[in-house]
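First the structure, in the form of structure tokens, and then the observations on it.
Start at 1 and go down the list; that is how both ligands and their atoms are numbered.
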Amino acid sequence: MKKVAVFCGSRIGNDPAHAEAARELGRALAGRGLTLVYGGGNVGLMGEVASAALDAGGEVIGVIPQFMVMRELAYAACTDLIVVDSMHTRKARMAELADAFIALPGGLGTFDELFEILTWAQIGLHGKPIGLLNVNGFYDGLLMFLNKVAADGFVRETELNALQISSQHGKLLDMLAARPSREGDWENEELRNRT
Ligand code: AMP
């Protein structure tokens, strides 16, 4: 595991614990020599995780669509800032670059990114580890709902198990590193080429 994509809010949220968790994660990635891949903005939790990683001497790759450059204050300090043509390309490029994914607290954009990467794992487009940093129980309600979805027969529990969950960034990074990518075993080349 060399590069970790982080999905998180473009807003800072009301609980200061969320910004603190974003900064801690940024520092931890840098400390472990892991490159941060993220949405390239300098707003909200996105800006917190990126600036903390950079300040700690880490590498940061930002991927931002051209039309978001002003809106999300594209972060010129990134080691590498990749400007793409659309939201879809952004997600595809981040998915390609990263060896693992972590979702921090966030809003609709974060959910979109997390669920897309989970569904791509479900249908075998990739086998990269996915983690949820459940800061201060932020995702408890979602996890309860996902259990109901499994109980109601709309997703298999084994598919939900693809999502590794912890409230501690260090533990989550250890869990992701311990679950190697299953790409070689079950990635479906043909399906991937159609995305
Ligand atoms: P949010 O969690 O809503 O604050 O958004 C977090 C990040 O997700 C921001 O960089 C948004 O630009 C991005 N985002 C929002 N919607 C989408 C989408 N449909 N596809 C890709 N990224 C998105």
Query raised in the report: Does ligand 1 have an atom that lies less than 4.0 angstrom from a heavy atom of Cys8?
Result: yes
**Report entry** Sub-4.0 Å heavy-atom approach of Ser10 to ligand 1
**Finding:** yes
Under 4.0 Å from any heavy atom of [X], which atoms of ligand 1 are there?
| X | value |
| --- | --- |
| Gly9 | 2 (O), 4 (O) |
| Met46 | 9 (C), 10 (O) |
| Glu113 | 8 (O), 13 (C), 22 (N) |
| Lys91 | 20 (N), 21 (C) |
| Met68 | 12 (O) |

Query raised in the report: Can you tell which of Glu116, His88, Glu72 gets a heavy atom nearest to atom 12 (O) of ligand 1?
Result: Glu72
Report task. Could you name the option among Leu114, Leu108, Asp112 that has the heavy atom nearest to atom 18 (C) of ligand 1? Result -> Asp112
Requested in this report: Check each of Thr35, Val37, Val4 against Leu97 using the side chain to side chain contact (heavy atoms under 4.5 Å, CB included) test, and report the only one that passes.
Outcome: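 One option only clears the test, and that one is Val37.
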Requested in this report: Check whether any N or O atom of Gly109, backbone or side chain, sits under 3.5 Å from an N or O atom of ligand 1, and answer yes or no.
Outcome: yes
Query raised in the report: Is the closest N or O pair between Gly107 and ligand 1 shorter than 3.5 Å?
Result: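 The answer is yes, given that Gly107 and ligand 1 share an N or O pair closer than 3.5 Å.
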Query raised in the report: Does a sphere of radius 6.0 Å around CG in Asn14 hold more than 12 heavy atoms from other residues, nucleotides or ligands, not counting ones at 6.0 Å or beyond?
Result: no
Any chance you could measure [X], atom [atom1], to [Y], atom [atom2], to the nearest 0.5 Å?
| X | Y | atom1 | atom2 | answer |
| --- | --- | --- | --- | --- |
| Met94 | Phe7 | CE | CZ | 5.0 Å |
| Ser51 | Arg27 | OG | CZ | 9.5 Å |
| Leu104 | Asn134 | CG | CG | 11.0 Å |
| Asp152 | Phe145 | CG | CZ | 8.5 Å |
| Ile130 | Leu118 | CD1 | CG | 4.5 Å |
| Ile64 | Arg90 | CD1 | CZ | 5.5 Å |

Query raised in the report: Nearest protein heavy atom to atom 13 (C) of ligand 1, by residue and atom, and its distance?
Result: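 Minimum-distance protein heavy atom for atom 13 (C) of ligand 1 reads Arg90 NH1, 3.3 Å.
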Report summary line: For atom 17 (C) of ligand 1, the closest protein heavy atom turns out to be Met87 CE, 3.4 Å
Query raised in the report: Can a salt bridge be assigned to the pair Asp85 and Arg93 using a cut-off of 4.0 Å between side-chain N and carboxylate O?
Result: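 Between Arg93 and Asp85 there is no salt bridge, as every charged N stays at least 4.0 Å from the carboxylate O atoms.
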